[in-house]
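Single-structure report; data block below.
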Number of protein chains: 4
Amino acid sequence: MSLRAGIVGHRGYSGAELLRLLTAHPHITPVLMEHREDVAAPVVVRRQTLPETIAATPEAAREAHLDAVLLATPPEVSLALAPPFLAAGLRVIDLSGAFRLRTPSAYERWYGSSHPEPELLAEAAYGLPEFYRETIPGARLVANPGCYPTAANLALRPLLQAGCIDRAAGIVCDAKSGVSGAGRKPSLKTSFSQVTENFSAYSLLEHRHVPEVLLHSNLEAAEFSFTAHLLPLHRGILETIYFRAHGIGSAAALLDIYEQHYAREPFVRLYENGQPDLRGVAHTNFCDIGVTLDAVTGRAVVVVAIDNLVKGAAGQAVQNLNLLLGRPETEGLL
Amino acid sequence: MSLRAGIVGHRGYSGAELLRLLTAHPHITPVLMEHREDVAAPVVVRRQTLPETIAATPEAAREAHLDAVLLATPPEVSLALAPPFLAAGLRVIDLSGAFRLRTPSAYERWYGSSHPEPELLAEAAYGLPEFYRETIPGARLVANPGCYPTAANLALRPLLQAGCIDRAAGIVCDAKSGVSGAGRKPSLKTSFSQVTENFSAYSLLEHRHVPEVLLHSNLEAAEFSFTAHLLPLHRGILETIYFRAHGIGSAAALLDIYEQHYAREPFVRLYENGQPDLRGVAHTNFCDIGVTLDAVTGRAVVVVAIDNLVKGAAGQAVQNLNLLLGRPETEGLL
Amino acid sequence: MSLRAGIVGHRGYSGAELLRLLTAHPHITPVLMEHREDVAAPVVVRRQTLPETIAATPEAAREAHLDAVLLATPPEVSLALAPPFLAAGLRVIDLSGAFRLRTPSAYERWYGSSHPEPELLAEAAYGLPEFYRETIPGARLVANPGCYPTAANLALRPLLQAGCIDRAAGIVCDAKSGVSGAGRKPSLKTSFSQVTENFSAYSLLEHRHVPEVLLHSNLEAAEFSFTAHLLPLHRGILETIYFRAHGIGSAAALLDIYEQHYAREPFVRLYENGQPDLRGVAHTNFCDIGVTLDAVTGRAVVVVAIDNLVKGAAGQAVQNLNLLLGRPETEGLL
Amino acid sequence: MSLRAGIVGHRGYSGAELLRLLTAHPHITPVLMEHREDVAAPVVVRRQTLPETIAATPEAAREAHLDAVLLATPPEVSLALAPPFLAAGLRVIDLSGAFRLRTPSAYERWYGSSHPEPELLAEAAYGLPEFYRETIPGARLVANPGCYPTAANLALRPLLQAGCIDRAAGIVCDAKSGVSGAGRKPSLKTSFSQVTENFSAYSLLEHRHVPEVLLHSNLEAAEFSFTAHLLPLHRGILETIYFRAHGIGSAAALLDIYEQHYAREPFVRLYENGQPDLRGVAHTNFCDIGVTLDAVTGRAVVVVAIDNLVKGAAGQAVQNLNLLLGRPETEGLL
C-alpha cells in the first residue's frame, strides 16, 4: 500500500514544490492539508486532477491515515502546528526555521521571539542527510535545513574537517538567491518592477541562516562573513566562497577532499572543470560544486549551486521523508 | 561654437550609450564614424533624426572639424585606429583595454598578444577623474577605465590610503555584471535562453580587469581575490567587497573616510543607511557606496554599484571628454 | 522666472516618471506634494539632491507659487483632490481615469462607483494633444489619456477618418503591457515570481480603457475587440491591430494616410520598413507605428508602440503641461 | 525489454527536451546520435550519468538496436537524414518543417528551396494525435507539427467543424512565443540584451507555420490573419484568437463544443473560468484553452497556451513515439 504524506502550506512556493515532487513519487501520495479557508474562488479546469484535501488537524490526519506531515509554513505557524501533530503520534518534517537552531536563546536572537517549545527544539533532528543520515530515520521531528546553509555546509564542512582552510584569515560566503526564497506573500521588495533589471544585497553580515552554518561547519562568527543578494530570477542559490587554502597544492587536491566525502552521495556533483550554474541545478535535488585555486598565493574559490526550492527546501524534505518512511533516499528525486 | 566629438563603434552598447549621452549634451555634438560598411539595410523611420556620419579616418575627422575621437571598439581595433588619429593631431579617448595597463608585458599577460604601441601605452592617461583629474586635461590619449576596476578602485583606494584595511587578511571583491558588459556580438553565452533564470561565475581569480585594480589601489595580487559573475539583466555592476577593518570602530567612521575623499565629487554618493542597488544607478554616472561593519570582529563589507555602460564606460568617457575639451566635468551627465 | 508644477503621487511609477521628466525640464521645476505621511524611514544618500516638498493642499500650493498640479493618484484620490485645487484657482492635470469619460453613467459602468463631480467630468479637456491641441491650453482640468487608448487612438483615428477600414468586419486590438501599468502597489499578480517567464491575457473584451477608444476614434462597441495582456517586463505597450482595409492598395498607401495626419507631429514616428518594438520607445515620448498589408485579401496589421509611463502617462502629461503653461510642446521631452 | 529511440540534435532546445522526457520515460530509453563532431571540450561532472551515444548513421542505429529515430534538426538536415534511416527500415519522427506540408510547391513557397523528397512528403503522417491518432501508428515517417499550428489547430478546428465561426468576418490569431522557438544558434535577435525588457512582432501575415493551420483547420488564406511576437521569456506559446461567433449564445456553449471533441483527450484542458497562462503549461504536454464571448455582439476570444518545447515539439514527439511503438500515448508525459 502506498504511504501518505500531508502537506500544510501548499500555496507557498516550497509547498507547491512538495506537491509537485510527491505527485511524481512512486510510493508516497500527497494529501493537501488546508490550514485556513482559501477566500479566492478557484479556477476550474477540466481534466485537471486535484489531490485529496483534508483539514490541517491531527484528527483529519489520523482519519486520512497519514504517515507523516510536512509543514511548509512560516515559523510561527509551524510552532503552533507541530506539537499537536507530534502528540497525535504523527511524524513531522518542518521546512521553516522553527526547529533548526539548538537553543531557545539562539532562536530568540535570530527569530525575534522566545521559543515556546524548547524540548522539541532540543529533540529535532537536523535534516541534512549528507551529514546526519543516521539520526533522521529515528526522529519524530525533522528540521529541514535553510536554503543558504544547505549549500554553505555542503561546500565548507568537508574542507574544514580536512583542515585545509586557514580559518584565521576568514571565510567569505557571498550568496545570491532567486526571489522565491522570499516566499509568495506580495511585497514591494519582491514585486516584478522592483526586481527586474535590478540586483541588491541584503542582511549584510546578519542573516538568520548564519548560525546554521556556524553550528554544522563548526565555525566561529568571527571566521565567517556572509552576505545575501537578491537575483532577478525565480529559483536558485549560488554561493561564491573565498578562503585561504592550507597545505593544498592544486584545485584537483581540493576536489579530492570533496570526492572522499561525497563519493557515495547521489545528490552532490563535483565539477572537474568549468563551474556550476543555476540552470544546471534548476528543478533538481543536486548540489553542484566547483573549485578554483591559485597555487602560488593559496587563494581559493568554491562555487556551490542548488535549487533553493528543491535541495534547499522541498527536495531535501522528500529526501528526509524517504529516510523517515523507510524508502530509498533518492526515490522520486532522480 | 559647439564642440564636436567623433564616435567609432556606435553599434556596440558603449558606443550607443556615447551617442545617447552626447545627443543630450548642451555643448558637444556627436558625429558617427563608420569603421566598416554596415551590411544590413537600415530600418527607415520618419521623424527620426540621425546624427551626421563620416568615415572613421583622420582625413574625414579633420574635414568634419572634430575636436576629439572616442573609440568604443575592441582592443585590437583601438590599437589600429588610435595611432593615425593621434598622428593627425586629434585627441583620443579609448574605451577598450588597449591602453589601460602600463607595460607591454602586463598587456601581453592579460590580453594575449604583444602591444604594438608601447610608447602610447606609457603615455596614455588613465581616465578615472576622481583620482587623476589633473593629468587628464593635458593628455593626447586617455584610456577609459574598465567597468569592474572603476567600481573597485573608487571603493578601495580611499580606505587603503587611510590604512584601515588589514591587507594581510586579504580583500575579496565579488563582482556581478549585467550582460551588456560582454558586448553586442552574439554568442551562446549571452543568448537570452542561456542567461534568463540563470546565474554563473566566470574568470575566477583571473579577470583581465584585476591588474587595473592592483595598479590604482596599490595592491599585491596575493591581497586581492576577484571573481566576476553574469547577472540576468542588461546593465549594471554591483561589487560586494569584504575585508577586515583596522582601527575603525563603526560603519560611520568608514563612511567618514569616504566623505573626506569624495566630499566634492559630484558622481560619488554615499549611503548613510540602506545599501545601493543597480536600479539606483541605472542610466546615471553615479557610483553609489554603502558600508557595513561588525565592530566586534572587524569584519567589513562595502557594496558599490555603477551602471557599467555609464560610469563604467560611456559616462566616464564623457566626463573625460569634458575635461579634455575644457567643459565643466559634469556637463551632460547630471 | 521658472514655472513650478506640483506632483501628487511621486512614489507611484507615473509620479516618479513625472519627477524624472520635470527634473530635466529647462523651464518647469517639480515640487513634490505629500498626500499622506510616509511611514518608512527614508534612505539617506549624500550628494543626492531631493526636490522641494510641500503638503498636497491648496494652501501649500499657493504658498509655494505653483502654476499647476499634476495628480498621479488613483481615481478616487483624484476625485477628492481635484475640486479643491481647482477651487483655489490652480490648473490640474489628472493622470487617473477620474475625468476621462464624458458621462457619469459611463464612469459608473467602467469604474464601479457613481461620479461625484459630473460638472468637472463634462468640463475636463481630454489631453491627447495630437487630436485636441486647441482645447488644452485654455482648460482648467485636463484628463490625461489612458495608456492603451493613447496608442490605439493614435493608430486608428487617422485610418477611420480616411474611411479605409472596413468597420463591419470588425477591428481587433491585441494589446500587451509591461507590469508598471498595474501600478506600484504590491499584489500577487505583479510579484516577480508570478510574472517572470509567464504571460497571460486579462480584461478580455472588457477593459475600462475601451470606452476611451470608442469615444475618440468614433467606434461602436460591436466594431472593436480589445484584449489586454501582461508582459514580463517593466515598461512599454505594444498593440497589434488587425482590420480589413478598404480601397487601399499597398502598405505605402496606408503609411501615406498617417503621414498626412502626423507630418508635423514631433512624437509620432512612422516605420517605412521593419516594425516598432518596445526598446525603440522606452524612456521616450514617441509613438511608433508600422503597417503591413496583404494587398490581395485586404487584411492589414498596424503595430503601435509607446512607453506606457511616458507617452502613455507622464510624458503626455508634460506635453499637456507645456501646452497649459505656454511652453513649447516638446520642451523637456526630446 | 526496453524500447530504444535515437535523438539527433540533442544540443538544440527541442532535442534537449526530448532527452529530458525520454530519460524519465519508463519504457523507452534515449540514445544520443552525434551528427557532427562537437568541438568544445565537455565540462566533466562527477556523478552525472550521460546517456549512450552513437553516430547518426543507419549502421550505428541498427547496431544499437534502435526502434525509432527522432530528428530534432533543421529542415535541411532532416531532408538529408530521414531517407537513409527510412531506407534502413527505421521509423522516423521529424521535428522540423521538412515533411509538414503536403506538396513540393507549398514547401518551396514557405521554405525557400525545392523539396528533394516529394514522395516522402506525400507519405508523411502529420503527428497531431488529437486529430490523426489512427494514421500515426502505421506510419514510417511522422512530421511533428509546428509549435504555433499545434495551438492554433487545437483551438480552431473543433469550432470550425461545428460551424460556429463566421469565416467571412475573418479570424485573427495573435501569437506570442518565448525565445526558445528561435532555436539555440546565437543571433543578435535572440541575444539577452536585445530581448530583455523588449517585445516585438515578426512575420506579420507571412509566417511559414500559417499553411499548417489552413491545411488542418480547412481555412482559406483570406480568412486567417496571423502575426507572431517574441516574448522576453524562454518557453511557452500563447495565442489569442478573435472571431465572430455564429449561433452561439454563451461562453459555456463554446466550451461545450470543445468538451465534445476533447472529452477523452488527456492533454487538452478546458478553463471553465479564468484564463490559461504560460506558467500553467510550462514543462507539461498540456494544451490549455479558455473562452470569452460577448453574447450581444457575438465577438469571441479564445486563449490557448502550450509549452512550445513540449506540446509544441518534444512532448508531442514522445506522444507520437508512444503511438508508433505501441505504448500508451501518455506514457512518460503525465
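Chain naming here is simple, since letters A, B, ... match the order of the sequence lines and numbering starts at 1 in each.
Heavy-atom contacts from other residues, nucleotides or ligands closer than 6.0 Å to NE2 of His246(C) number 12 or fewer. Around NE2 of His261(C), the count of heavy atoms belonging to other residues, nucleotides or ligands within 6.0 Å exceeds 12.
Counting heavy-atom pairs closer than 4.5 Å to chain C, the top-ranked of the candidates Thr196(D), Asn198(D), Asp277(D) is Asn198(D). Listed options Thr292(C), Leu233(C), Asp294(C) were ranked by heavy-atom pairs under 4.5 angstrom with chain D; first place goes to Leu233(C). Taking Glu197(C), Glu223(C), His234(C), Arg244(C) one by one and counting their heavy-atom pairs under 4.5 Å with chain D, the maximum is reached by Glu197(C). Of the listed residues Ser225(D), Gly298(D), Ala169(D), the one with more heavy-atom pairs under 4.5 angstrom with chain C than any other is Ser225(D). When His229(D), Glu220(D), Glu206(D), Gln275(D) are compared by the number of non-hydrogen pairs under 4.5 Å with chain C, His229(D) comes out ahead. Contact count against chain C (heavy-atom pairs under 4.5 Å) is highest for Thr240(D) among Val296(D), Thr297(D), Leu293(D), Thr240(D).
Contact record, Val303(D) with Ala201(C): CG2-CB, 4.1 Å, taken as the closest heavy-atom pair.
Residue contact with chain C, scored on non-hydrogen atoms closer than 4.5 Å, involves the backbone and the side chain of Leu204(D) alike. With a 4.5 angstrom heavy-atom cutoff, Arg235(D) touches chain C only via backbone atoms. With a 4.5 Å cut-off on non-hydrogen atoms, Ala168(D) touches chain C through its backbone but not through its side chain. Of the atoms belonging to Phe243(D), not a single heavy atom falls under 4.5 Å from chain C. With a 4.5 angstrom heavy-atom cutoff, Phe199(D) touches chain C via backbone and side-chain atoms both.
Looking only at distances, a side-chain donor or acceptor of Arg299(C) sits under 3.5 Å from a matching main-chain atom of Ala221(D).
Test Val172(C), Thr227(C), Asp174(C) against Val301(D) for side chain to side chain contact (heavy atoms under 4.5 Å, CB included) and you get one pass: Thr227(C).
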